[in-house]
Amino acid sequence: MKALKISGKALAFVLVLTLLCGVVYPLVTTGLAQALFHKQANGDLIVIDGVNYGSEHIGQQFTQMNHLWGRPMRIDTESFADADGNPLAYSWASNKSPASDEQDAVYAERVAAIRAAHPEMGDAPVPVELITESGSGLDPEISPEAAEYQVKRIAANTDWTEDEVREIIERYTTGRLFGIFGEPRVNVLKVNLALDGILKE
């Protein structure tokens, strides 16, 4: 009888905690997030005139000569799909050991491609983030130096002047947190939407 009583209390405790932690808490936190931080809670999506161009926190692959290029990405659009059969893009880091001959070959290939697209930069060092992947493989930002490296190429392939390209890059550059933490960084997607005349702010 005592064991049955204890089991009943334990079951009641589990049910109460399940209700609180599995139903009440998620509903309250989701409701507060939607009410107070709606944009952030939904992934900081960039939606313009009803068109969703993606999240400002998720990198996209840009290779066009009239766009700013971000960090290299390895994207698999064939292995995964949503419920409607639409392909989902998954990315992951694949930087191998710096001592790896295979990684050296990948870096050399990427450097050659960057230099070929930017002959006006001569022998200037290629910014490291333009040839290395981020830990997540989905980094949406690059350094101002990496963006500056591409200014002449972008201006030559658009109707923007170099100064106008720099102004757009500056507009979507985030500085250090409180002026001391982190490094300045440029949001690649926002810059490209501005270059395309889609994002105007």
Side-chain angles (χ1 to χ4, degrees), residues 2-62 67-95 129 132-144 146-147 168-201:
K2 186 176 180 180
L4 185 61
K5 186 176 181 180
I6 292 174
S7 297
K9 288 183 177 181
L11 179 60
F13 187 69
V14 169
L15 291 175
V16 169
L17 282 181
T18 299
L19 180 64
L20 288 175
C21 299
V23 179
V24 176
Y25 177 76
L27 288 176
V28 170
T29 54
T30 300
L32 287 174
Q34 290 294 329
L36 301 176
F37 308 101
H38 180 74
K39 187 173 185 293
Q40 294 89 337
N42 289 287
D44 280 322
L45 298 177
I46 301 176
V47 180
I48 303 171
D49 296 330
V51 179
N52 179 5
Y53 290 96
S55 169
E56 60 185 75
H57 302 301
I58 302 295
Q60 297 184 30
Q61 188 85 73
F62 292 97
H67 280 152
L68 183 69
W69 297 352
R71 300 190 69 161
M73 299 173 63
R74 294 174 65 88
I75 300 177
D76 182 354
T77 58
E78 298 179 357
S79 300
F80 305 94
D82 63 16
D84 297 322
N86 298 312
L88 300 175
Y90 280 74
S91 181
W92 59 92
S94 64
N95 296 316
E129 66 262 42
T132 58
E133 297 157 25
S134 64
S136 66
L138 292 169
D139 194 340
E141 298 166 325
I142 59 175
S143 69
I168 291 173
I169 290 171
E170 176 64 25
R171 191 188 315 163
Y172 300 108
T173 297
T174 303
R176 294 181 174 87
L177 182 63
F178 304 125
I180 54 175
F181 297 111
E183 295 294 331
R185 54 205 184 277
V186 180
N187 190 285
V188 175
L189 174 58
K190 287 184 175 181
V191 168
N192 287 331
L193 290 177
L195 289 171
D196 290 340
I198 297 171
L199 186 60
K200 301 172 183 177
E201 54 175 67

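Being a predicted model, the structure only gives us computed values, none of them experimental. Numbers here simply count residues along the sequence, with the first being 1.
- Interatomic distance, R185 CZ to D139 CG, rounded to the nearest 0.5 Å: 10.0 Å.
- Remark: the backbone N or O of L138 is not paired with any side-chain donor or acceptor of R71 at under 3.5 angstrom.
- The two residues P72 and E133 have their closest heavy-atom pair at O-CG, 3.2 Å.
- With sequence neighbours excluded, the residues forming a ring pair (Phe, Tyr, Trp, His ring centres under 6.0 Å) with F62 are H67, listed by chain and number.
- The side chain to side chain contact (heavy atoms under 4.5 Å, CB included) check on D49 picks up nothing, with sequence neighbours excluded.
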**Study point:** Check against side chain to side chain contact (heavy atoms under 4.5 Å, CB included), T18 and V14
**Key:** CA-CA 6 Å; T18 299; V14 169; 4.0 Å; yes

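- The side chain to side chain contact (heavy atoms under 4.5 Å, CB included) test applied to I198 returns I48, Y53, L193, D196, not counting sequence neighbours.
- Annotation: the span from H57 atom NE2 to L189 atom CG amounts to 11.0 Å, rounded to 0.5 Å.
- A search for side chain to side chain contact (heavy atoms under 4.5 Å, CB included) contacts involving A146 returns P127, E129, L130, I142, S143, not counting sequence neighbours.
- L199 CG to N187 CG: the interatomic distance, rounded to the nearest 0.5 Å, is 9.5 Å.
- The shortest distance between side-chain heavy atoms of V186 and P144 falls below 4.5 Å.
- Between the CG atom of L195 and the CD1 atom of I168 there is a distance of 4.5 Å, given to the nearest 0.5 Å.
- Scored by the salt bridge (charged side-chain N to carboxylate O under 4.0 Å, His left out) test, E170 finds no partners at all (sequence neighbours excluded).
- Of all heavy-atom pairs spanning A147 and L68, the tightest one is CA-CD1, 3.9 Å.
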